[in-house]
Amino acid sequence: MSVKPARTRIAPSPTGHMHLGTARVALYDYLLAKQTGGQFVLRIEDTDIKRTVPGAEQEIMDGLRWLGLEYDEGPDVGGPYGPYRQTERREIYQSHAKILVDKGHAYPCFCTPERLDKVRQEQMKRKENPHYDGTCRNLDPDEAAKRIANGEPYTIRFKMPKEGVTVAHDHLRGDITTENKQLNDQVILKTDGLPTYHLAAIVDDHEMRITHVMRGSEWLGTFPLHVNIVRAFGWDEPVWIHLSVFLKPSGKGKMSKREAAQAMKDGYSIFIKDMQDLGFIPEGVLNWSALMGWGVAEDDVMTVAQMVDRFSIDSLTPSPAAINFQRLDHFNATHIRLMTTEDLAARLKPYFTREGLAVKDDVLIKIIPLIRERLTTLDDCISFGAFFFKDDVSPAPEDLIAKGLDAKQSAEIARRAYEILAAQSDISHERCEPPLRAYVEESGFNAGQVFGILRVATTGQKVSPPLFESMEVIGRDVSLRRVQKAIEILETM
RNA sequence: GCCCCCAUCGUCUAGUGGACUAGGACGCAGCCCUUUCAAGGCUACGACCGGGGUUCGAAUCCCCGUGGGGGCACCA
């Protein structure tokens with residue numbers, strides 16, 4: 001079966017941090033493009049200069065690359081349909097706005113923001129729908145031209161049909177019918193000469209040969225406007241796919257600032273940059289977000305390559321999805337376990353370094369099998385493995401006392417363990433475990449007590465990777481030194 | 001207020017008129033394994049929003065409620 005290559009685009013505005021919603025749409029765009037042998041395009045929608053924040057565009061590009069969603073065309077890689085930044089396409093929009101005016105589908109409007117605001121407030125007072133009152137809709141063209149020539153500021157508004165209905169087709173919801181009288185004459189070109197989203201996106205999607213437009217369902221409200229603009233130009237429509245929105249974990253409403261702050265307190269975030277810092281991996285984030293809005297029957301642990309194979313716009317779901325961070329943990333941990341030792345080592349290294357630990361590569365490789373299945377996020381490596389890279393550990397004295405025993409008994413155990421370990425020619429776990437177990441048998445203490453003291457002594461913590469394997473990595477000298485120190489602590493208690 | 005969209009376990013979802021005793025995953029609970037914490041294995045709990053139709057037959061189609069979400073800017 002041969003399919004037509006799809007051209008898809010992610011079109012974020014650089015107005016803040018790149019978030020999960022953008023990542024998911026980008027993923028679907030990427031999957032469709034790759035599956036069909038088409039292209040995935042990045043377009044920056046920066047037409048609102050006031051809201052543009054410095055660095056946001058870079059964060060989007062970095063975020064996409066971190067996720068592994070390499071775009072085929074974009075501001076920093078170029079492409080045949082550039083430029084890919086809307087502020088650099090000003091003339092294109094202006095000429096297209098003129099086409100619409102000439103065809104009678106749009107008109108200049110001289111209403112001031114102040115007047116518009118007043119009209120809106122009066123309408124609300126009268127319990128009417130806020131809408132443009134049409135003052136400039138039927139202005140005499142000659143008069144309009146004269147006012148423009150006089151330098152009067154103006155916008156261009158799209159002339160919506162007054163009667164009948166607009167039927168717009170969404171791939172997930174079917175035909176959506178809206179009465180035209182509900183529609184408004186929206187501004188498509190602003191006083192500053194830049195377009196609003198409505199014009200810019202439609203023109204660019206056409207100029208850039210986009211075949212499938214995937215976007216959030218918050219665009220459903222202006223969907224009829226958009227198809228009217230496309231039709232006014234006489235262009236073919238792309239396949240429109242309005243994706244479900246993400247709801248906050250409670251399922252009650254969209255993620256808010258407040259909610260985002262709460263997530264951060266719990267060690268989660270909806271911002272891609274944060275997720276990286278928190279130790280989430282692209283595989284986990286992608287797999288997790290892919291499944292919110294895409295119905296996969298079974299085997300839902302997938303690599304991106306597998307997603308490319310299995311993806312279908314037909315199996316996307318239209319209903320809103322509540323964010324579930326516990327599921328993110330699950331997918332993140334699962335993909336960590338799927339990684340090769342070398343790959344995981346390379347990805348863990350920065351997290352150790354970030355903590356100021358001097359990482360020895362040979363040690364790092366050795367500890368991977370010990371900590372891998374204990375990691376939910378990459379930065380968990382600190383709590384499980386920092387002691388491997390420290391000269392010394394500082395166990396809490398009370399932790400050195402085994403359950404049900406006192407300091408004196410614990411010190412006795414530590415001394416015997418020291419002797420046993422010191423008597424071994426090497427500290428491999430094969431060599432050390434049998435005599436220590438024998439000691440457990442003959443001493444009458446239980447394994448938890450004996451090994452617990454050793455664990456705290458050698459790792460400095462009550463929860464750690466497997467004891468004997470850990471000591472083997474730490475080495476004979478360091479292990480003995482740490483046990484010796486524990487004995488001293490216990491003897492002074 | 002008006003418009004639009006959505007509706008299966010707590011959550012993400014499978015299901016496209018009979019194969020449904022409604023499947024999977026996360027979480028949760030229990031058990032096994034076990035030197036800690038995990039991982040792994042097994043088991044349990046757990047849903048078709050309500051009411052009307054259509055049909056021999058409805059989770060699946062239609063209508064009306066209800067609930068939830070989104071939108072009504074010279075923002076995207």
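By convention in this document, chain letters (A, B, ...) are assigned in the order of the sequence lines, proteins followed by strands, and residues within each chain are numbered from 1. Values reported hereafter were calculated over all heavy atoms of this structure, with side chains retained and with hydrogens, waters and symmetry mates removed.
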request  = Record whether the side chain of A:T191 comes under 3.5 Å of the base of B:C74 through a donor-acceptor pair of N or O atoms.
outcome  =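 Under the 3.5 Å cut-off, the side chain and the base do form a donor-acceptor pair.
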
task = Classify the side chain of A:N129 versus the base of B:G1 as yes if they form a donor-acceptor pair under 3.5 Å and no if they do not.
result =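 Such a pair is found, so the answer is yes.
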
Side chains of [X] and [Y]: do they bring a donor and an acceptor to under 3.5 Å?
| X | Y | answer |
| --- | --- | --- |
| A:D29 | A:H212 | no |
| A:T341 | A:R372 | yes |
| A:N180 | A:T166 | yes |
| A:R215 | A:H226 | yes |

Would you mind telling me which of [options] lies closest to the side-chain atoms of [X]?
| X | options | result |
| --- | --- | --- |
| A:K190 | B:G69, B:U11, B:C74 | B:C74 |
| A:R327 | B:A38, B:C26, B:C74 | B:C26 |
| A:A297 | B:A14, B:A76, B:C2 | B:A14 |
| A:R337 | B:G24, B:G40, B:U11 | B:G40 |
| A:P130 | B:C72, B:C74, B:C5 | B:C72 |
| A:A321 | B:C5, B:U13, B:C74 | B:U13 |
| A:H330 | B:A25, B:G69, B:C75 | B:A25 |
| A:T317 | B:A14, B:G68, B:C3 | B:A14 |
| A:T196 | B:C37, B:A76, B:C3 | B:A76 |
| A:Q186 | B:U36, B:G70, B:A73 | B:A73 |

query = If you draw the axis of the six-membered ring of A:Y154, does the NZ or CZ of A:R147 fall within 45° of it and under 6.0 Å from the ring centre?
reply =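 Not flagged: A:R147 not positioned over aromatic ring of A:Y154.
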
query = Honestly, is A:R137 close enough over A:Y107, meaning NZ or CZ under 6.0 Å from the six-membered ring centre and within 45° of the axis?
reply =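 A:R137 over A:Y107 ring: no.
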
Mind checking the [atom1] distance from [N] to [M]? Whole angstroms is fine.
| N | M | atom1 | answer |
| --- | --- | --- | --- |
| B:C31 | B:G68 | C1' | 39 Å |
| B:U21 | B:U36 | P | 45 Å |
| B:U8 | B:G50 | P | 11 Å |
| B:C4 | B:A25 | P | 40 Å |
| B:C2 | B:C61 | P | 28 Å |
| B:U16 | B:C48 | C1' | 15 Å |

When we call it a touch if two heavy atoms are under 4.0 Å apart, what does [X] touch: a base, just sugar-phosphate, or nothing?
| X | result |
| --- | --- |
| A:P224 | nothing |
| A:G452 | nothing |
| A:R173 | sugar-phosphate |
| A:R372 | nothing |
| A:D48 | sugar-phosphate |
| A:W219 | base |
| A:T376 | nothing |
| A:P113 | base |
| A:V463 | base |
| A:C109 | nothing |
| A:S319 | sugar-phosphate |
| A:P153 | nothing |
| A:S13 | sugar-phosphate |
| A:F468 | base |

Provide, to the nearest angstrom, the distance between the [atom1] atom belonging to [X] and the [atom2] atom belonging to [N].
| X | N | atom1 | atom2 | result |
| --- | --- | --- | --- | --- |
| A:Y132 | B:C2 | OH | P | 26 Å |
| A:K254 | B:A76 | NZ | C1' | 10 Å |
| A:L375 | B:A39 | CG | P | 11 Å |
| A:F331 | B:U11 | CZ | P | 17 Å |
| A:W294 | B:U13 | CH2 | P | 13 Å |
| A:L189 | B:C75 | CG | P | 11 Å |
| A:L225 | B:A73 | CG | P | 12 Å |
| A:L291 | B:U13 | CG | P | 8 Å |

Identify the nucleotide, in any strand shown, that forms a Watson-Crick or G-U wobble pair with [N], with both distances under 3.5 Å; if there is none, say none.
| N | answer |
| --- | --- |
| B:A38 | none |
| B:C26 | B:G10 |
| B:G1 | B:C72 |
| B:C49 | B:G65 |
| B:U16 | none |

ask   = Would a line drawn from the ring center of A:F451 to the ring center of A:F468 be shorter than 6.0 Å?
value =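 Yes, they do, as the ring centres are separated by less than 6.0 Å.
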
key: Aromatic contact, A:H242 with A:F223 (centres under 6.0 Å)   =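 Yes, the ring of A:H242 comes within the 6.0 Å limit of the ring of A:F223, centre to centre.
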
task = Determine, step by step, whether A:W288 and A:F280 satisfy the ring-ring contact (aromatic ring centres under 6.0 Å, His included) criterion, reporting the C-alpha distance in whole Å, the side-chain angles of both residues, the deciding distance to 0.1 Å, and the verdict.
result = CA-CA 11 Å; A:W288 173 59; A:F280 291 100; 7.9 Å; no

task = Run the salt-bridge test on A:R85 and A:E57 with the 4.0 Å N-O cut-off and return the result as yes or no.
result =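 A:E57 and A:R85: salt-bridged.
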
query = Which comes earlier along RNA chain B counting from the 5' end, the contact point of A:V187 or that of A:R24, where each point is its nearest nucleotide?
reply =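 With A:V187 and A:R24 compared, the 5'-side residue is A:R24.
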
query = Between A:E218 and A:S244, which is nearer to the 5' end of RNA chain B once each is assigned its nearest nucleotide?
reply =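 Nearest-nucleotide comparison on RNA chain B picks A:S244.
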
